[in-house]
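Within every chain, numbering begins at 1; the chains are lettered A, B, ... in the order of the sequence lines, protein sequences first and strands thereafter.
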Amino acid sequence: MISTIYHTLARAYGPLHWWPARTRFEVIVGAFLTQNTSWKNVEHALRNLRRAGALNLASIRRMELRELEELIRPSGYFRQKAARLKTFIEYLDERHEGSLNRMFAQPLELLRNELLELNGVGHETADAILLYAGKLPVFVVDAYAKRVFARHGITESGEKYERVQALVEDALREEESGSALADHYNEFHALLVEVGKRHCGTIAKCASCPLQPLLPV
DNA sequence: GTCCAGGGCCTAC
DNA sequence: GTAGGCCATGGA
C-alpha cells in the first residue's frame, strides 16, 4: 500500500528533486529553521544570511548570537533556532574537528544518535540532516506523512515517529537497494509534502487528489 | 482578528 | 509515556 502511494504520487508530481540548497551546510541550516515553520519564512531567513555573506559554517561560527538572531528572525522562534545552530557547530567542532566530511563518515546509527543528543535536534531534524545533507538512506517522517498515512488507514493518527519510519523503509527497501534508496526516500518525502499541501487542507480538496482513488471507503 | 506552518523541549501527572 | 504550554514570524 505504501509503495502504491509512492508510485501514484511519483506519476502525478515527480520527479521533484527536493530540498534545493547549494551546500550541505545550507541544508542543515534549513533543517533547523524549518522546524514548525513554513518554507516561505525559511527562505526569507536564508536570503538574509546569504546577503550578509553568512550562509556558511565559518561565518555562523564566528558570528555573535544576537546578530544571528536578527538575520534569521523571519523564520520564527529565532532565539531558539540561533542557539540551536550554534550548538550544532559546537558539536561539529568538538567531535569532528569542524568537518562535515568527518561527521558524515561515521556509521549511520552512531551519527543519528549523536545528533539526537543535541539540544534542538529531534527525530525529524536529525533525519533531514542525514538524508538531505548526508545522502544517507533514512526516511524523514513529518506532519504531512503522518496525516496522509493516517487518512489512508495505514497508521493511527498518533503513531510514533520510528514506527511510521520503519513502515516506509521496509516497504521501499523491498523494491530498491543500495544508494538508490536514499533517492527514493528523498523523493517520497517531497511527494508527501506536495500532496499534503495541495489536498490535505480541507475535505473538499480530497476530490481532486491523485490518492483519492486509493482512499478506504 | 484567528489559525497554522516541512518541531522540539520541559514540566506535570 | 504522554498531554499541555511554550517558543515567534509571516501569510492566508
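- Using a 4.0 Å heavy-atom cutoff across all strands shown, A:Gln80 reaches at least one base atom of the nucleic acid.
- Protein atom CG of A:Leu115 is 12 Å distant from nucleotide atom P of B:dG8, rounded to whole Å.
- With rounding to whole Å, A:Asn119 atom CG is found 6 Å from B:dC9 atom P.
- Minimum heavy-atom separation, A:Val138 to A:Leu131: O-CD2, 3.4 Å.
- Nearer to the 5' terminus of DNA chain B, by closest-nucleotide assignment, is the contact made by A:Ser38 (compared with the other of A:Arg84 and A:Ser38).
- Between the side chain of A:Thr34 and the main chain of A:Ala31, no donor-acceptor pair closer than 3.5 Å is present.
- Comparing C:dG10 with B:dG8, their P atoms are spaced 22 Å from each other, to the whole Å.
- Separating the CG atom of A:Leu33 from the C1' atom of B:dG8 is a distance of 14 Å, rounded to the nearest angstrom.
- In this structure, A:Arg73 forms a cation-pi arrangement with A:Phe78, its terminal cationic atom sitting closer than 6.0 Å to the ring centre and no more than 45° off the ring axis.
- Side chain to side chain, A:Glu26 and A:Asn56 fail the donor-acceptor criterion of an N or O pair below 3.5 Å.
- Boundaries of the chain A contact region on DNA chain C are C:dC7 to C:dG10, first to last in 5' to 3' order (nucleotide atom under 4.0 Å from a heavy atom).
- Between the CG atom of A:Asp142 and the P atom of B:dG8 there is a distance of 10 Å, given to the nearest Å.
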Start with the C-alpha gap between A:His7 and A:Glu175, add the side-chain angles, then the distance that decides, and say whether side chain to side chain donor-acceptor pair (under 3.5 Å) holds. CA-CA 12 Å; A:His7 292 295; A:Glu175 42 187 290; 2.7 Å; yes
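- Contacts of A:Val140 with the nucleic acid, taken as non-hydrogen atoms under 4.0 Å apart, are absent.
- Nucleic acid contact for A:Thr125: sugar-phosphate only, since backbone atoms but no base atoms lie under 4.0 Å from a heavy atom of the residue.
- At a cut-off of 3.5 Å, with distance as the only test, a side-chain donor of A:Asp127 or A:Tyr161 sits close to an acceptor on the other residue.
- Heavy atoms of A:Gly122 sit under 4.0 angstrom from primed sugar atoms or phosphate atoms, though from no base atom.
- Going from atom NZ of A:Lys81 over to atom P of B:dG7 covers 9 Å, rounded to whole Å.
- Whole-Å rounding puts the A:Tyr77 OH to B:dC9 C1' distance at 12 Å.
- Closest non-hydrogen pair, A:His96 versus A:Tyr91, comes out as NE2-OH, 3.0 Å.
- If you check every strand for non-hydrogen atoms under 4.0 Å, A:Leu118 touches sugar and phosphate atoms only.
- Nucleic acid contact class of A:His123 (heavy atoms, under 4.0 Å, all strands): sugar-phosphate only.
- Contact between the side-chain N/O atoms of A:Thr34 and the OP1/OP2 oxygens of B:dA5 is not found at any separation under 4.0 Å.
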